Colleague: 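Sharing a structure, written as structure tokens. Questions coming.
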Amino acid sequence: MDQFWSAPPVTRTITAFTFVQSLLVYGGLHNPYYVPYFTRLVFKFPPEIWRLGSSFLLTGSKLDFIFDLYFMFTYGSALETNSPRLNGPGDFFTYLFFVATVILLTAGCYLEGGIFTSALILAFVYTYAQHNKGIKTRFYFFEIPVEFLPWAMLVITMVRLGWPAALLESMGIVAAHMYEFLTRIYPAFGGGKNYIMTPGFIRRFFIKSSREGYRAYGTAYRPTGQTPASPASEVRRGWTSSSQNSWGGRGPGRRLGGG
């Protein structure tokens, strides 16, 4: 609990909401029909607007419940505290809002998926890999460059659950890469302007009265030349571990209930 309360606020909040909602759903205390995203229910009157958020906050069942929470917390915290490009007040919140919006438009509106927790976690992993190129991570019995990790995860999803499941989950990579392209690649190499800036009111909200100027939970500094350690001890929901975590991951977006 000490580690949880000392965690960065955005990751801590979404992990807590995911834990509570998943516990209620799988404990039979909350109707799963009210969780997934349905375009026709969001864009009606009165709109069921909560589905825009609840669809990102449901884990898989059984062991997936534990590991999805663990990796959401681990990779989200790694980005919010240690990312060299998300180190300003509110930057991670803006990143989260952007990738969630792209996932909704692609996996939700276009592919008609219902639950996007898996895609969101994959977006975190992809961005983490892009910001930490050059390190190695373990994938089953092999060490691979961390840049290959999201793609290895998709292969496992496709083998276990088929290409439709992998396609839905891949929208996390699409969203994260779009953020990377619009904020770094295009401005740096295409001569364009970065329009995805953290708004002033969000920055002011996250600024705390601390000596560093922001992050009440502590500003992260990375010494020059230091190689970052892979979060989760180089594990990714069984896909990046060996036999001790061979439970194999979980499926991506899916509809629950009827209607």
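Worth saying up front: this structure is predicted, and the values here are computed from it rather than measured. No hydrogens, no waters, no symmetry mates; every other heavy atom, side chains included, goes into these values.
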Colleague: To the nearest 0.5 Å, tell me how far Glu169 CD sits from Met153 CE.
Modeller: 5.5 Å

Colleague: Suppose clustering is done on Ile, Leu, Val, Met, Phe, Trp and Tyr with side-chain heavy atoms closer than 4.5 Å. Which residues sit in the same group as Phe45?
Modeller: none

Colleague: Would you sort out whether Leu41 and Tyr33 count as a side-chain contact (heavy atoms from CB on, under 4.5 Å), showing the intermediate values?
Modeller: CA-CA 11 Å; Leu41 297 180; Tyr33 170 75; 3.3 Å; yes

Colleague: Under 3.5 Å, is there a donor-acceptor pair between the Tyr75 and Ser77 side chains?
Modeller: no

Colleague: List in chain and number order the residues that pass ring-ring contact (aromatic ring centres under 6.0 Å, His included) with Phe148, two or more places apart in sequence or in another chain; answer none if no residue qualifies.
Modeller: none

Colleague: Just how far is it from atom CE of Met72 to atom OG1 of Thr15, taken to the nearest 0.5 Å?
Modeller: 6.0 Å

Colleague: According to salt bridge (charged side-chain N to carboxylate O under 4.0 Å, His left out), does anything in residues 118-130 pair up with another residue at least two apart or in another chain? List the pairs.
Modeller: none

Colleague: According to side-chain hydrogen bond (donor to acceptor under 3.5 Å, both in side chains), who are the partners of Glu48, at least two apart in sequence or on a separate chain?
Modeller: Arg51

Colleague: Which label fits Phe93 and Phe206: parallel for a plane angle under 30°, tilted from 30 to 60°, or perpendicular past 60°?
Modeller: tilted

Colleague: Rounded to the nearest 0.5 Å, what separation is found between the OG atom of Ser118 and the CG atom of Asp64?
Modeller: 9.5 Å

Colleague: Can you confirm if the aromatic rings of Phe43 and Phe38 lie within a centre distance of less than 6.0 Å?
Modeller: no

Colleague: Could you tell me the separation between the OH atom of Tyr37 and the CZ atom of Phe56, rounded to the nearest 0.5 Å?
Modeller: 9.5 Å

Colleague: Which residues pass the side-chain hydrogen bond (donor to acceptor under 3.5 Å, both in side chains) test with Lys133, not counting sequence neighbours?
Modeller: Gln130

Colleague: Hydrophobic clustering (ILVMFWY, side-chain heavy atoms < 4.5 Å, transitive) - are Ile185 and Val102 grouped together?
Modeller: yes

Colleague: Quick one: side-chain hydrogen bond (donor to acceptor under 3.5 Å, both in side chains) pairs with a partner in residues 94-110, sequence neighbours left out?
Modeller: Thr94-Thr198, Tyr95-Thr127

Colleague: Do Ile207 and Phe97 belong together in a cluster built from hydrophobic side chains that touch within less than 4.5 Å?
Modeller: no

Colleague: Within the distance-only criterion (no hydrogens, no angle test), does the side chain of Thr59 pair as donor or acceptor with the backbone N or O of Ser22 below 3.5 angstrom?
Modeller: no

Colleague: Rounded at 0.5 Å granularity, tell me how far CG in Asp68 sits from CG in Leu57.
Modeller: 12.0 Å

Colleague: Check for me, please, whether Met178 and Leu104 land in the same ILVMFWY cluster - side-chain distances under 4.5 Å, paths through other members count.
Modeller: yes

Colleague: Membership question, hydrophobic clusters at under 4.5 Å side-chain separation (ILVMFWY): are Phe98 and Leu105 in the same one?
Modeller: no

Colleague: Taking only residues two or more places apart in sequence, or in another chain, which ones meet Ser54 in a side-chain hydrogen bond (donor to acceptor under 3.5 Å, both in side chains)?
Modeller: none

Colleague: Please tell me whether Ile103 and Phe181 are part of a single hydrophobic cluster in this structure, the criterion being side-chain heavy atoms less than 4.5 Å apart.
Modeller: yes

Colleague: How long is the straight-line distance from CD1 of Ile115 back to OG of Ser55, given to the nearest 0.5 Å?
Modeller: 6.0 Å

Colleague: Please identify each residue that fulfils ring-ring contact (aromatic ring centres under 6.0 Å, His included) with Phe142, with sequence neighbours left out.
Modeller: none

Colleague: Show every salt bridge (charged side-chain N to carboxylate O under 4.0 Å, His left out) that has at least one partner inside residues 18-30, sequence neighbours left out.
Modeller: none

Colleague: Taking the hydrophobic residues Ile, Leu, Val, Met, Phe, Trp and Tyr, and joining any pair whose side-chain heavy atoms are under 4.5 Å apart, which ones share a cluster with Val155?
Modeller: Val159

Colleague: May I have all residue pairs that pass salt bridge (charged side-chain N to carboxylate O under 4.0 Å, His left out) and include part of residues 91-105, sequence neighbours excluded?
Modeller: Asp91-Arg203

Colleague: Can you list the residues that meet the side-chain hydrogen bond (donor to acceptor under 3.5 Å, both in side chains) rule with Thr11, with sequence neighbours excluded?
Modeller: Glu80

Colleague: Is the ring pair Tyr126/Trp151 parallel, tilted or perpendicular, if the boundaries are 30 and 60 degrees?
Modeller: perpendicular

